[in-house]
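To start, the structure itself, in structure tokens.
On a predicted model such as this, the values are computed, not experimentally measured, just so you know. Keep in mind that the numbers below use all heavy atoms, side chains included, and drop hydrogens, waters and symmetry copies.
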Amino acid sequence: MIISWNITKECQLKCRHCYRDAGAKQKGELTPAEGKELIEEIAKAGFKILIISGGEPLMRHDVYDLIAHAKAQGLRPVLGTNGLMITPEVVRKLKAAGLARAGISLDSIDARIHDDFRQEAGAWKGTIAAMKVCREEGLDFQIHTTVTTYNYKDVEKITDLAVELGAKAHHIFFLVPTGRGKDLEALIPSKEYQALLKKIMKKQGEVAIELKPVCAPQFVPLAKEMGLETRFQRGCLAGVSYCCILPNGDVHPCPYFPKRVANVRDQKFSDMWKNAPLFKELRDANYTGQCGACEHKSSCAGCRARAYAESGDYMDFDPECIF
């Protein structure tokens, strides 16, 4: 089970697709003490991997203490970062705290496209430098790419760059129109979506690093149809074996699914995870429309965030479905 905690909304970038609309620091962030209590509740609920992200998580001063506490609770702490604050000293502190891996965002092999997407000149150069520092200092890292009409033709080339730089994985996030992404008309058409998923699955057989489409749950049944082995057994995990916690303690089924479950200041997270009606509804999987009748319902589950963004009904069909 995996959980994401956006520990801050503060970020030095204003990325065009940002689901959290990050930038300025939000009032009411969980305090260091509340954060440590939350980590204990996350472990109690049975989660194994804690993704610490933001905003830019390295902008929060107690990030190293939070990582160390997660490690002490038996969790596997990993980081989601734009990489621009990563230096040899930062990497050494992350390793000392117990960080297992850093996920670093890279959206193009072309610096101009990446910098425009991130709205920061020099961002590409800084991100590549961060990956090289991680490699030199012995911290495992993986590359995160958000797929849009700007870069979908270059995804395989980004995978090749990931291999060249020494990344352990390339996770490929398909855009969900939420946050600032609602104003970004960059969803790739269904035909290209299907073709890209097939290319990614084929590419997996050609490289030694892990490739994982994210917010593209159809890849699980598609891999089976193509006769390819994958360790992933279910597409959409929202509310089933995954959820997200916002900087102020609000809980959502996933980062791209802005439906509030409750707040960890009002209810113990372990109780919420077990008993919240929204989580139970998602686990019952009584989908409507095409998803409800689909033979791949149990292995795919459709993207609940895209269904919600499209119609306001998170149990409705996934509008980007390739089946």
Side-chain angles (χ1 to χ4, degrees), residues 1-15 18-45 47-87 90-91 93-105 130 134 139 141-142 144 171 173 178-180 242-258 260-270 272-273:
M1 295 195 338
I2 305 172
I3 189 166
S4 295
W5 176 20
N6 303 139
I7 64 172
T8 184
K9 194 176 176 181
E10 186 175 9
C11 187
Q12 72 275 61
L13 300 181
K14 292 285 287 186
C15 302
C18 183
Y19 63 84
R20 195 56 67 222
D21 193 17
K25 184 175 181 179
Q26 182 184 37
K27 292 182 179 180
E29 286 182 357
L30 296 179
T31 66
E34 288 174 323
K36 289 183 177 181
E37 182 180 354
L38 171 61
I39 287 169
E40 293 164 13
E41 281 289 305
I42 287 169
K44 182 179 178 181
F47 285 85
K48 303 301 181 185
I49 299 174
L50 171 60
I51 304 169
I52 295 176
S53 64
E56 173 49 55
L58 291 175
M59 298 190 82
R60 181 160 164 160
H61 72 279
D62 62 339
V63 62
Y64 306 105
D65 290 339
L66 295 173
I67 291 169
H69 195 65
K71 178 73 172 179
Q73 294 300 311
L75 295 166
R76 185 174 190 264
V78 297
L79 189 75
T81 174
N82 59 43
L84 299 186
M85 295 181 68
I86 288 181
T87 64
V90 166
V91 170
K93 290 171 70 175
L94 290 171
K95 288 180 65 179
L99 188 74
R101 181 177 293 185
I104 304 175
S105 299
C134 288
L139 176 63
F141 72 94
Q142 63 188 49
H144 293 166
H171 286 195
F173 293 71
T178 188
R180 284 201 290 270
Y242 177 70
C243 72
C244 175
I245 302 167
L246 277 61
N248 68 351
D250 281 348
V251 177
H252 290 180
C254 91
Y256 313 99
F257 185 170
R260 185 179 183 272
V261 179
N263 189 287
V264 299
R265 285 177 168 136
D266 302 324
Q267 183 180 1
K268 293 287 188 182
F269 175 77
S270 57
M272 187 194 311
W273 177 250

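Closest non-hydrogen pair, Q12 versus L84, comes out as NE2-CB, 3.7 Å. Here the shortest heavy-atom pairing between L99 and P77 reads CD1-O, 3.4 Å. In plain terms, the two heavy atoms of C134 and I104 that are nearest each other are SG-CD1, 4.1 Å. Summarising the geometry of I2 relative to F47, their closest heavy-atom pair is O-CE2, 3.3 Å, with the distance given to 0.1 Å. Considering every non-hydrogen atom in both Q26 and P247, the closest pair reads OE1-CB, 3.6 Å. Closest of all the heavy-atom pairs between S4 and Y242 is OG-OH, 2.6 Å.
Every ring pair (Phe, Tyr, Trp, His ring centres under 6.0 Å) that F257 has, sequence neighbours left out, goes to Y308, Y314.
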Q: Would you check, one step at a time, whether the test side chain to side chain contact (heavy atoms under 4.5 Å, CB included) holds for R20 with L246?
A: CA-CA 9 Å; R20 195 56 67 222; L246 277 61; 3.7 Å; yes
Q: Begin with the C-alpha distance, continue with both residues' side-chain angles, and end with the deciding distance and a verdict on side chain to side chain contact (heavy atoms under 4.5 Å, CB included) for L75 and I3.
A: CA-CA 10 Å; L75 295 166; I3 189 166; over 6 Å; no
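With rounding to the nearest 0.5 Å, the separation of OG1 in T31 from NZ in K36 is 10.5 Å. Separating the CG atom in L139 from the CG atom in L79 is a distance of 8.5 Å, to the nearest 0.5 Å. One finds the CD1 atom of I7 at 7.5 Å from the CD1 atom of I67 (value rounded to the nearest 0.5 Å). A distance of 9.5 Å separates CG of N248 from NZ of K9, quoted to the nearest 0.5 Å. Annotation: the span from L38 atom CG to H69 atom NE2 amounts to 9.5 Å, rounded to 0.5 Å. One distance of note links CD1 of I245 with CG of L50; it measures 8.0 Å at 0.5 Å rounding.
Side chain of R265 to backbone of G249: no donor-acceptor contact under 3.5 angstrom is found. R60 contributes no side-chain N or O that, together with a main-chain N or O of E10, makes up a donor-acceptor pair within less than 3.5 Å.
With contacts defined as side-chain heavy-atom distances shorter than 4.5 Å, the pair I39/W5 qualifies. In this structure, Y64 and V90 have side chains that are in contact, with non-hydrogen atoms separated by less than 4.5 Å. Side-chain contact between E34 and E29 is absent, with no heavy-atom pair separated by less than 4.5 Å. You'll find the side chain of V264 stays beyond 4.5 Å of the side chain of E41, heavy atoms only. Side-chain contact between V78 and Q142 is absent, with no heavy-atom pair separated by less than 4.5 Å. The shortest distance between side-chain heavy atoms of M272 and N263 does not fall below 4.5 Å.
Salt bridge present: E37 and K268 bring a charged side-chain N and a carboxylate O closer than 4.0 Å.
In this structure, Y19 has its ring center at least 6.0 angstrom away from the ring center of F173.
Ring geometry for H144 against H171 counts as parallel: the plane angle stays under 30°, on a 0 to 90° scale with 60° as the upper cut.
No more than 12 heavy atoms of other residues, nucleotides or ligands sit less than 6.0 Å from atom NZ of K25.
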Contacts under 3.5 angstrom, residues 51-59 side chains, donor-acceptor by atom type, not counting sequence neighbours:
from : atom 1 : to  : atom 2 : distance (Å)
S53  : OG     : N6  : ND2    : 2.7
E56  : OE1    : T81 : OG1    : 3.0
E56  : OE1    : N82 : N      : 2.9
E56  : OE1    : N82 : ND2    : 3.2
E56  : OE2    : L58 : N      : 3.1
E56  : OE2    : T81 : OG1    : 3.0

